[in-house]
Amino acid sequence: MDALKLFTVDDAFLGRYERLVTGTVIPYQEDILNDRIPGVEKSHAVENYRLAAEVNETGSCSSEFYGMVFQDSDVAKWLEAAAYSLALRKDEALERRCDEMIALISRAQQEDGYLNTYFTVKEPGRRWTNLREAHELYCAGHMMEAAVAYYECTGKRSLLAVMCRMADHIYRHFITEGAPGFPGHPEVELALVRLYRATGEKRYLALAEHFVDVRGVDSDYFKKESEDRGWQLWGGWNGDWEYTQSQAPVREQADAVGHAVRAVYLYAGMASVARETGDGTLKAACRRLWESITQRRMYITGAIGSAYEGEAFTKDYHLPNDTAYGETCASIGLIFFARRMLEFDRRGEYADVMERAFYNTVLAGMLLDGKSFFYVNALESLPGISGKAVTHRHALPVRPRWFACACCPPNAARLIASISRYAWMLDTQAAGGGSPAAGSGTVYSLLFIGGTLDLSETLGVKIHVATGYPYDGRVEYRFEPAGGRPSVAMTLAVRLPGWAREKGGTASGSSGRAVRCTLNGADCPYEERDGFAYITGEFAAGDTIAFAFAMEPRRIYPSFRISADSGKVAFMRGPLVYCAEGADNEGCVLNLRVKRDAEPQLLPFRKDELFGVQKLSVAGRRLADTGALYGGERPQEEDCAITLIPYYAWANRGENEMRVWLPEA
């Protein structure tokens, strides 16, 4: 089921983000990729394609390649976002510009199918000799994803044909000709599975499976490659096998290690291959790596990657706040991984993590106006230190308009533009997937977004969703049988959010509990299984199933093993993590302590502030400044009210102190 085409968003919160991406973010990023906005970091990404086309057509070019070795991928992700935008709303001018971009990309492709502007323009004799650093397969993967998206959203095959030629070239090189190696930066694995699903070409699935299977079998491959090739991009082999997840074959890997984005792209590719092949050992490895991330190496915001060095996972429970890396792309990759785990294992916990990462880290990665972006998402910001001290230079206190390494902005754009694809799943057969036998199909509601899901051609029904999520915990599903049917037999499986189930009890019909389900206003029984509520029945026009999730603000306490959070508390409401920012707290949050027994309170919803936000208030104590670096007297304290805002909205009012985790007094 392609929910992007079947689900029309009509939602105050995510509807604004969808309009922001289609109306502001995509045009803004297009201008940047074409170097049309003065005063921001130069991209040159489109110009690199023009230079590559020049080389193919004349044998030389008028300028030099500029940017990162993976600069091509920025164009690919933008094209993918634009494709989703075209599926959401007709825009002939945007489609024409996309077609022109695709024509340029086609001109940049070499006769044997190879496509990469860095090696065409700058290093034509060194193709496929630096898999660890050069990102050829990474760039190919992103453009494959763009090609599939553009084909699915517009029906046009031009970019798909280009990338099938590139995939055929890769197959010849690594399979037919037997070249050794595997991607230094995984991505092509999941992309090849998408290409296989779009075309039915089994060689693309075989190629994805090959890259998964050979990774880490020769754990010294990248070391040997570095020694043999005689040239380096970033210093060559550094002795870190874990950085590229090549320390062991993937089925033997137990912990999420190394570069966090590379890791979750790899794991998403592994899950994709496991789904298509039924490989149980690969599925078990995915589950083991999932648990390593979510149970020991993930921030409360769904951010991953604790260290600037290597943009990497470190060790269990090492989750520093002010030096956290938490790359936006890493949380996006985690969402990709979670969505693919759901394809073969219907567990609500995967959607819980999708929700956590999306509403907190991914949305925090973009300014509310859509024109500035975080690469790094720290959980504590210290003006004068963050972005300035040598240990904190990566943790910027405000979002730049663009980056030299601009992987995150177009990645966020393509995810937000396609968020419908993460909101729903459909099982059309009653048996095999754990679906109750009485229904003709099971519709899984994963993320709660207002709008209409049109399943007229599959299940013969439209489902209208009304909700004020994430600030309101009520979600209503109203049925409209299609084609003149009086009713429709089906199963609706609604995720029971982990944050709601933690509040105590989910037995249907009990009073005062955290989850209540009704059918046309009366308590409705459901079968709970693996984090989903299954409701099977014959639904007539106007029948409405409603879920009400308790939305009281709640305290969150960390494991004592997380040293950075010892003695501290954080606050959540629904899926949203909250933080204290100086703008609401007399300019300073480092001197705030939360009273141990204070209950957080809702403040009035402010439509006029931060594009609509629900703040919290909790009683606390403010410590006075003693003026000494160290002193023998306890600082004076005064009672105060600590104001909290959703983490996604921080750093939208200039440079501020910010903390997610606050000490208790």
Asker: Hey, would you say the Phe549 and Tyr469 ring centroids sit under 6.0 Å apart?
Answerer: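 They do not qualify: ring centres at least 6.0 Å apart.
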
Asker: Does the pair His169 and Gln109 meet the rule for a side-chain contact (heavy atoms from CB on, under 4.5 Å), with working shown?
Answerer: CA-CA 11 Å; His169 170 89; Gln109 186 170 35; over 6 Å; no

Asker: Aromatic contact between Phe337 and Trp290, with the criterion being ring centroids under 6.0 Å apart: yes or no?
Answerer: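 Between Phe337 and Trp290, the centre distance is under 6.0 Å.
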
Asker: Output the distance between atom CG (Leu190) and atom CD (Glu145), rounded to the nearest 0.5 Å.
Answerer: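 Reported value, rounded in 0.5 Å steps: 5.0 Å.
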
Asker: Side-chain contact test, heavy atoms from C-beta onward, threshold under 4.5 Å: evaluate it for Phe448 versus Pro497 and give yes or no.
Answerer: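 When only atoms from C-beta onward are counted, Pro497 and Phe448 do touch, with a gap below 4.5 Å.
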
Asker: Quick check: do Phe336 and Ile332 have side-chain heavy atoms less than 4.5 Å from each other?
Answerer: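 Contact flag for Phe336/Ile332 side chains = yes.
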
Asker: Do Met270 and Val273 have side chains that approach each other closer than 4.5 Å (heavy atoms only, starting at C-beta)?
Answerer: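 They are not in side-chain contact.
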
Asker: Distance-only, no hydrogens or angles: does the Arg399 side chain make a donor-acceptor pair with backbone N or O of Ala364 under 3.5 Å?
Answerer: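 Such a contact is found between Arg399 side chain and Ala364 backbone.
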
Asker: Any luck finding a side-chain donor-acceptor pair between Asn377 and Thr328 under 3.5 Å?
Answerer: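 The answer is yes; a qualifying pair exists.
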
Asker: Applying ring pair (Phe, Tyr, Trp, His ring centres under 6.0 Å), can you list everything that pairs with Tyr196, at least two apart in sequence or on another chain?
Answerer: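 Listed in chain order: nothing, the list is empty.
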
Asker: With a 3.5 Å distance limit and no angle check, can you tell me whether Asn652 reaches the backbone of Trp650 through a side-chain donor-acceptor pair?
Answerer: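 Between the backbone of Trp650 and the side chain of Asn652 there is a qualifying donor-acceptor contact (under 3.5 Å).
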
Asker: Ignoring hydrogens and angles, tell me if any N or O in the side chain of Thr22 forms a donor-acceptor pair with the backbone of Arg19 under 3.5 Å.
Answerer: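 Yes; judged by distance alone, with no hydrogens or angles, the pair exists.
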
Asker: Less than 6.0 angstrom separating the ring centers of Tyr648 and Phe13, yes or no?
Answerer: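 Yes.
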
Asker: Look only at the side chain of Ser85 and the backbone of Ala81, and say whether a donor-acceptor pair between them is shorter than 3.5 Å.
Answerer: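 Judged by distance alone, no pair lies under 3.5 Å.
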
Asker: Kindly say whether the aromatic ring centers of Tyr422 and Phe358 come within a distance under 6.0 Å.
Answerer: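 No, ring centres 6.0 Å or more apart.
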
Asker: Glu95 pairs by salt bridge (charged side-chain N to carboxylate O under 4.0 Å, His left out) with which of Arg89, Lys90, Lys156?
Answerer: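 Checked Arg89, Lys90, Lys156 against Glu95; only one passes salt bridge (charged side-chain N to carboxylate O under 4.0 Å, His left out): Lys156.
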
Asker: When the ring planes of Phe479 and Phe539 are compared, do they come out parallel, tilted or perpendicular, using 30° and 60° as the limits?
Answerer: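 Correct class here is parallel.
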
Asker: Could you label the plane-to-plane angle of the His135 and Phe70 rings as parallel, tilted or perpendicular, counting under 30° as parallel and over 60° as perpendicular?
Answerer: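 The rings of His135 and Phe70 sit tilted, inter-plane angle from 30° to 60°.
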
Asker: Can you name the nearest heavy-atom pair linking Met68 to Cys405, along with the distance?
Answerer: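 The answer is CE-CB, 3.8 Å.
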
Asker: Flag the pair Glu476 and Arg474 as a salt bridge only when some basic side-chain nitrogen lies within less than 4.0 angstrom of an acidic carboxylate oxygen.
Answerer: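 Result for this pair is yes, salt bridge flagged.
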
Asker: Is a side-chain donor or acceptor of Asp31 paired with a backbone partner of Arg36 at a separation under 3.5 angstrom?
Answerer: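 No, the answer is negative, given that no donor and acceptor are paired below the 3.5 Å cut-off.
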
Asker: Answer yes if the ring centres of Trp128 and Tyr114 are under 6.0 angstrom apart, and no otherwise.
Answerer: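 So the answer is yes for these two rings.
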
Asker: Please determine whether a side-chain nitrogen of the Lys or Arg among Arg50 and Glu47 lies less than 4.0 Å from a carboxylate oxygen of the Asp or Glu.
Answerer: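 Salt bridge flag = yes for Glu47 with Arg50.
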
Asker: Is there a donor in the side chain of Tyr204 and an acceptor in the side chain of Asp168, or the other way round, less than 3.5 Å apart?
Answerer: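 Short answer, yes.
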
Asker: Nearest 0.5 angstrom please: Thr491 OG1 to Asp427 CG, how far?
Answerer: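 If I round to the nearest 0.5 Å, the distance is 10.0 Å.
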
Asker: Check for me whether Arg346 meets the cation-pi criterion with Tyr444, that is, NZ or CZ under 6.0 Å from the six-membered ring centre and within 45 degrees of the ring axis.
Answerer: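 That pair qualifies as a cation-pi contact.
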
Asker: Between Asn360 (side chain) and Arg356 (backbone), is there a donor-acceptor pair under 3.5 Å?
Answerer: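 Answer holds: yes.
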
Asker: Any donor-acceptor pair under 3.5 Å linking the side-chain atoms of Gln71 with those of Thr117?
Answerer: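 There is no such pair between these side chains.
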
Asker: Could you point out which residue of Glu276, Glu201, Glu80 forms a salt bridge (charged side-chain N to carboxylate O under 4.0 Å, His left out) with Arg194?
Answerer: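 Per the salt bridge (charged side-chain N to carboxylate O under 4.0 Å, His left out) rule, the option paired with Arg194 is Glu80, out of Glu276, Glu201, Glu80.
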
Asker: Just by distance, do the side chain of Thr8 and the backbone of Leu6 share a donor-acceptor pair under 3.5 Å?
Answerer: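 No, the answer is negative, given that no donor and acceptor are paired below the 3.5 Å cut-off.
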
Asker: Testing Asn116, Val69, Leu115 for side-chain contact (heavy atoms from CB on, under 4.5 Å) with Glu136, which one passes?
Answerer: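 Running side-chain contact (heavy atoms from CB on, under 4.5 Å) over Asn116, Val69, Leu115 with Glu136 returns exactly one hit, Asn116.
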
Asker: About how many Å separate OH of Tyr267 and CZ of Arg262, when rounded to the nearest 0.5 Å?
Answerer: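 Here the rounded value is 12.5 Å.
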
Asker: Give, for atom CG of Leu447 and atom CE of Met354, the distance between the pair rounded to the nearest 0.5 Å.
Answerer: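 Result: 4.5 Å between the selected atoms.
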
Asker: Kindly give the heavy-atom pair with the smallest separation between Ser73 and Cys139, and that separation in Å.
Answerer: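 Where Ser73 meets Cys139 most closely, the heavy atoms are N-SG, 4.1 Å.
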
Asker: For Tyr375 and Cys408, work out which heavy atoms get closest and say how close.
Answerer: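 Tyr375 and Cys408 have their closest heavy atoms at CD1-SG, 3.8 Å.
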
Asker: Less than 4.5 Å apart, side chain to side chain, heavy atoms only: is that true for Asp11 and Tyr17?
Answerer: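 Asp11 does not reach Tyr17 side chain to side chain.
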
Asker: Side-chain contact, heavy-atom cut-off 4.5 Å: Cys164 with Thr199?
Answerer: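 In contact.
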
Asker: Nearest 0.5 Å, what's the CG-CG distance between Leu368 and Leu363?
Answerer: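 Interatomic distance, Leu368 CG to Leu363 CG, rounded to 0.5 Å: 9.0 Å.
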
Asker: If the threshold is 4.0 Å, N to carboxylate O, is there a salt bridge linking Arg197 and Glu152?
Answerer: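 Between Glu152 and Arg197 there is no salt bridge, as every charged N stays at least 4.0 Å from the carboxylate O atoms.
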
Asker: So do the side chains of Cys407 and Lys77 get within less than 4.5 Å of each other, counting heavy atoms only?
Answerer: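 Of all side-chain heavy-atom pairs linking Lys77 with Cys407, at least one is under 4.5 Å.
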
Asker: Look at the side chain of Asn56 and the backbone N and O of Ala108, then say whether any donor-acceptor pair between them is shorter than 3.5 Å.
Answerer: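 Looks like yes, one N/O pair under 3.5 Å.
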
Asker: Please tell me if the side chains of Tyr471 and Leu576 come closer than 4.5 Å, counting only heavy atoms from C-beta onward.
Answerer: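 Yes, at least one pair of side-chain atoms sits under 4.5 Å.
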
Asker: Looking only at non-hydrogen atoms, find the nearest pair between Ala330 and Val261 and report the distance.
Answerer: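 Scanning both residues, the minimum pair turns out to be N-CG2, 3.6 Å.
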
Asker: Between Ile463 and Met490, does a side-chain contact (heavy atoms from CB on, under 4.5 Å) hold up when you go through it step by step?
Answerer: CA-CA 12 Å; Ile463 302 175; Met490 60 168 290; 4.1 Å; yes

Asker: Closest heavy-atom contact between Leu33 and Val75?
Answerer: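 So the two residues come closest at CD1-CA, 4.2 Å.
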
Asker: Over all heavy atoms of both residues, which pair between Pro183 and Leu137 is shortest? Give the atoms and the distance, please.
Answerer: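 Minimum heavy-atom separation between Pro183 and Leu137: CG-CD1, 3.6 Å.
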
Asker: So that I know where these two stand, are Phe373 and Phe403 an aromatic pair - ring centroids less than 6.0 Å apart?
Answerer: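 No - the distance between ring centres of Phe373 and Phe403 does not fall below the 6.0 Å cut-off.
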
Asker: Rounded at 0.5 Å granularity, tell me how far CD in Glu189 sits from CG in Leu207.
Answerer: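 So the CD of Glu189 and the CG of Leu207 are separated by 9.0 Å.
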
Asker: We want to know whether Tyr138 and Glu187 form a side-chain donor-acceptor pair, criterion being a heavy-atom distance below 3.5 angstrom.
Answerer: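 There is no such pair between these side chains.
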
Asker: Quick one, Thr442 and Leu426 - any side-chain contact, counting heavy atoms below 4.5 Å?
Answerer: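 No; the side chains remain at least 4.5 Å from each other.
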
Asker: Do the side chain of Asn48 and the main chain of Tyr66 share a donor and acceptor less than 3.5 angstrom apart?
Answerer: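 At least one qualifying donor-acceptor pair exists.
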
Asker: Ignoring hydrogens and angles, tell me if any N or O in the side chain of Asp345 forms a donor-acceptor pair with the backbone of Arg347 under 3.5 Å.
Answerer: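 Checking the backbone N and O of Arg347 against the side chain of Asp345, no donor-acceptor pair under 3.5 Å is found.
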
